[in-house]
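Side-chain atoms are counted along with the backbone in the values below, which use heavy atoms only and exclude waters and symmetry mates. Convention: sequence-line order gives letters A, B, ...; per-chain numbering from 1.
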There are 2 protein chains.
Amino acid sequence: MTASNRVTIRDVAKRAGVSVATVSRVLGGEYPVLAATRNKVVRAVRELDYVPNAHARALSAARPGAIAIVVNSVAVPYYALIAQGVEEQAAQEGRLSLICTTGGDTGRELSIVRLLREQRAEAVILVGSVVVDDEYRERMTEYAHALAAAGSRLVLCGRPPLGEGVPALVVGFDNTGGAHAVTAHLLSAGHRRILYLGLRPGHTTSDSRVAGYRAALAEHGVPADPDLEVEAEFDREAGYAAMRRRLAAGPPSFTAVFAGNDLVAAGAIQALREHGLRVPDDISIVGYDDVPPAQDLDLTTVHLPHDELGRTAVRLALGRLTPGPPSSGPMDGAGSARVLTLGTHIVVRGSVRRLGPR
Amino acid sequence: MTASNRVTIRDVAKRAGVSVATVSRVLGGEYPVLAATRNKVVRAVRELDYVPNAHARALSAARPGAIAIVVNSVAVPYYALIAQGVEEQAAQEGRLSLICTTGGDTGRELSIVRLLREQRAEAVILVGSVVVDDEYRERMTEYAHALAAAGSRLVLCGRPPLGEGVPALVVGFDNTGGAHAVTAHLLSAGHRRILYLGLRPGHTTSDSRVAGYRAALAEHGVPADPDLEVEAEFDREAGYAAMRRRLAAGPPSFTAVFAGNDLVAAGAIQALREHGLRVPDDISIVGYDDVPPAQDLDLTTVHLPHDELGRTAVRLALGRLTPGPPSSGPMDGAGSARVLTLGTHIVVRGSVRRLGPR
DNA sequence: CTCCTGCTGGTAACCGGTTACCTGATCGCT
DNA sequence: AGCGATCAGGTAACCGGTTACCAGCAGGAG
């Protein structure tokens, strides 16, 4: 109604006939103010439609900052689900949370982290696995120290832990365990020639899944076959292209496929279909992540508690949770004391056929 | 390296042996400064790892604010894709963008808008259709005026325009046209009994799609049948439940289904499958939106330029685009001068069977 | 050799809040 | 009635930047 431009606390004070201190106190809540005075102030606030300037507030008083989550892309369900968990938990804690996207671009990640430092974000949650090389490790270590110096916390989700003294909290999924379970599922259905589709050397998530796959094979006495491990990025197009290429090279030498994630599985299924192969009649397939396409494809996969990961990241960031041995599962990688791993479980749907005994 | 706590511009000035003004000027870029002085400053900045405080900056100088996009949930592909468009365009314009989610809760929307006012966001983009009632209209009008008073712009995406004098920009999809096209597609394949699954009275997006559906039927001389219009929220579960209920009530009295969106279609397809009906052999189906499940389900649907919507919203918000008659398609609703409508097109996949002539 | 001009860089006011410190008034007590 | 204790509310310093305004100094003109 009476909306006017740029109303400040002095305008409110003048209008209410009190001092700025009183207005601030009324708005702050704690300080004792006479009911009559308080009323004058709230009336003035309402009449002027006064909204305090968050920047001025942040500048003068030390107040809770925002919680930022940085992901590759919000259009990838894996990230979207984690981000949702973060948002929910943050909302529950009464914090502002913001989602930033990098598009997988290291340069943009850099400028976003810088921007979040400028904003004095209270916590920065970096999500998503990456190829770990020296340059990455150095960059992360730098972030961690810079953020720590500014009083913010850094949480890495689904990324490998950094060195011992680096101030970063880490939470992730038990990729090796899940991959082991789902591979064992295929093995116990009688499959012996299982194609792993999604090799990405140096990429920690994929590496962990491959490790689980190999371990399960070894336990069942099935020799590893390099020809059954093919490279593919973790998206639909890559899964499609890789499977197409494979099928074009000759008749399938495998009876089942373990796709690096559900999107890869979706692409692979499309390629199989186009090649006249039916799932699961001709080829069995399992995915990983249990993100939306899985249900529609009736895909057996490994369920990840995305939501839980996001919520845990926020709790860690706010110091509500002390990483160490508390809540769950086996440790994934280096046994640092600041790493938390969330358990996973297999979701059986209809994409795996039981083979009769040979 | 030399990370220290809370470094201010005065620290840098002291270290460099110059005044704060000089430091600010070096950082600002424009002002002429001797190379030697500049070097001293940049060295001090680097040594102290100084990061300017965004709040202080925002407070003193009028600098570009953030662009905020407010959506229901980032886990719904429709929103995620639009949000991605916003992020991309904002990044391209060199702006910080943040995604906020409401979970569909009006109360949370309220507090988010308030928070964005406090943050002095430059633009607020509200996405997603809603049930329009008096309370909604009043609330939006209030937002619009409040944001305008604070110097921010409000952009509504896929929401109906407000009254004439309300300072809000609107951009949306041509829902009526798309629904018309896809219904006509079914009709020309020989279908006459087409079930519309997704009725939501008062919900503008659904209403527009129903309107297109009815118009296409009428043009082809097919009488409207209330029994063929069934209610369902726009998510997978609702589509599943509604179709299940329908099938339980008796054998299908329709040969094709027009689902309110792709998620509804996904749910409906699952219910059909569980009931022993095959798509498209027994029942044809089309969706709307062309979001990820569509491809995996081989679903014929209407493609929406989500990305374009997001980008357009940002351009509108930044005043790069003047709504009026410029870029595209037919007008959706009220012909206000500040409404922009983006065209859609049909994507033919394999979920529709051509019926032989009767 | 002055004086003016142009350029560099310093001083201090300001952005809009919060809050330590202080004042003036009210109240209860002796 | 006189005293200190208590409490509401005002004054002003401060948070960390930006920038209007001004001063000092060098070089060119007269």
Side-chain angles (χ1 to χ4, degrees), chain A residues 4-42 44-45 48-65 114-115 117-122 149-151, chain B residues 4-42 44-45 48-65 114-115 117-122 149-151:
Chain A
S4 77
N5 219 341
R6 295 291 142 86
V7 180
T8 79
I9 198 171
R10 333 247 169 203
D11 300 326
V12 176
K14 199 170 299 173
R15 173 109 184 187
V18 299
S19 75
V20 293
T22 306
V23 176
S24 182
R25 281 167 190 145
V26 168
L27 266 43
E30 298 308 304
Y31 203 88
V33 175
L34 279 190
T37 316
R38 174 182 301 274
N39 284 337
K40 280 193 294 185
V41 172
V42 298
V45 166
L48 295 173
D49 191 22
Y50 166 69
V51 176
N53 184 319
H55 296 301
R57 278 196 159 158
L59 194 54
S60 55
R63 35 183 53 243
R114 182 184 168 86
L115 202 139
R117 288 184 64 192
E118 292 180 1
Q119 299 286 334
R120 302 297 189 258
E122 178 161 350
Chain B
S4 80
N5 219 342
R6 294 292 141 87
V7 181
T8 78
I9 198 172
R10 334 244 170 207
D11 300 325
V12 176
K14 199 170 299 172
R15 173 109 182 186
V18 298
S19 77
V20 293
T22 305
V23 176
S24 182
R25 281 167 189 146
V26 168
L27 266 44
E30 297 308 304
Y31 203 89
V33 174
L34 279 188
T37 317
R38 173 182 303 275
N39 284 338
K40 280 193 295 187
V41 172
V42 298
V45 166
L48 296 173
D49 193 21
Y50 166 69
V51 176
N53 184 320
H55 296 300
R57 279 195 158 156
L59 195 53
S60 53
R63 35 183 52 244
R114 184 187 166 83
L115 203 137
R117 288 183 65 193
E118 291 180 2
Q119 299 284 335
R120 303 296 189 258
E122 177 161 350

*With the side chain of A/Leu59 defined as its heavy atoms from C-beta on, choose the nearest nucleotide among D/dA8, D/dC15, D/dG10.*
D/dC15
*To the side chain of B/Leu34, which of C/dT8, C/dG16, C/dC15 is closest?*
C/dT8
*Considering only side-chain heavy atoms of B/Asn53, which listed nucleotide, D/dG10, D/dG17, D/dC15, is closest?*
D/dG17
*In whole angstrom, give the distance that lies between atom OH of A/Tyr50 and atom C1' of C/dG16.*
7 Å
_Residue from A/Val45, A/Val20, A/Asn53 passing side chain to side chain contact (heavy atoms under 4.5 Å, CB included) with A/Ile9_ = A/Val20
*Output the single nucleotide from C/dG16, D/dT11, C/dT11 whose closest atom is nearest the side chain of A/Ser19.*
D/dT11
*To the nearest Å, how far apart are B/Lys40 NZ and C/dT8 C1'?*
12 Å
*Quick one: B/Ile9 CD1 to D/dG16 P, roughly how many Å, whole number?*
11 Å
*For B/Ser24, answer base if it contacts any base atom (sugar-phosphate contacts may also be present), sugar-phosphate if it contacts only those atoms, and nothing otherwise; contact means non-hydrogen atoms under 4.0 Å.*
base
_As a test of reading the structure: which of C/dG17, D/dT18, C/dG9 is closest to the side chain of A/Arg57, going by heavy atoms?_
C/dG17
_C/dG9 OP1/OP2 closer than 4.0 Å to side-chain N/O of B/Thr37_ = yes
*Taking B/Glu122 for the side chain and B/Gly65 for the main chain, is one N or O donor matched with an acceptor at less than 3.5 Å?*
yes
*Quick one: does B/Asn39's side chain have a donor or acceptor within less than 3.5 Å of a partner on B/Ala36's backbone?*
no
*State whether B/Thr22 places a side-chain N or O below 4.0 Å from either non-bridging phosphate oxygen (OP1 or OP2) of C/dG10.*
yes
_Nearest whole Å is fine: how far is C/dG10 P from B/Lys14 NZ?_
14 Å
*asked:* Of the listed nucleotides (D/dT11, C/dT11, C/dT18), which one gets closest to any side-chain atom of A/Ala21?
replied: D/dT11
_Rounded to whole Å, how long is the line connecting atom CG of A/Asp11 with atom C1' of C/dG17?_
13 Å
*Return the nearest nucleotide to the side chain of A/Arg25; candidates are C/dC21, C/dT18, D/dT19.*
C/dC21
*How close do B/Arg15 and B/Ala44 get, heavy atom to heavy atom, and via which atoms?*
CG-CB, 3.7 Å
*Once you round it to whole Å, what is the distance between P of C/dG16 and CZ of B/Arg120?*
8 Å
*To the nearest Å, how far apart are A/Arg10 CZ and C/dT18 P?*
11 Å
*Give a yes or no on whether the backbone of A/Gln119 and the side-chain of B/His55 come within a donor-acceptor separation of less than 3.5 Å.*
yes
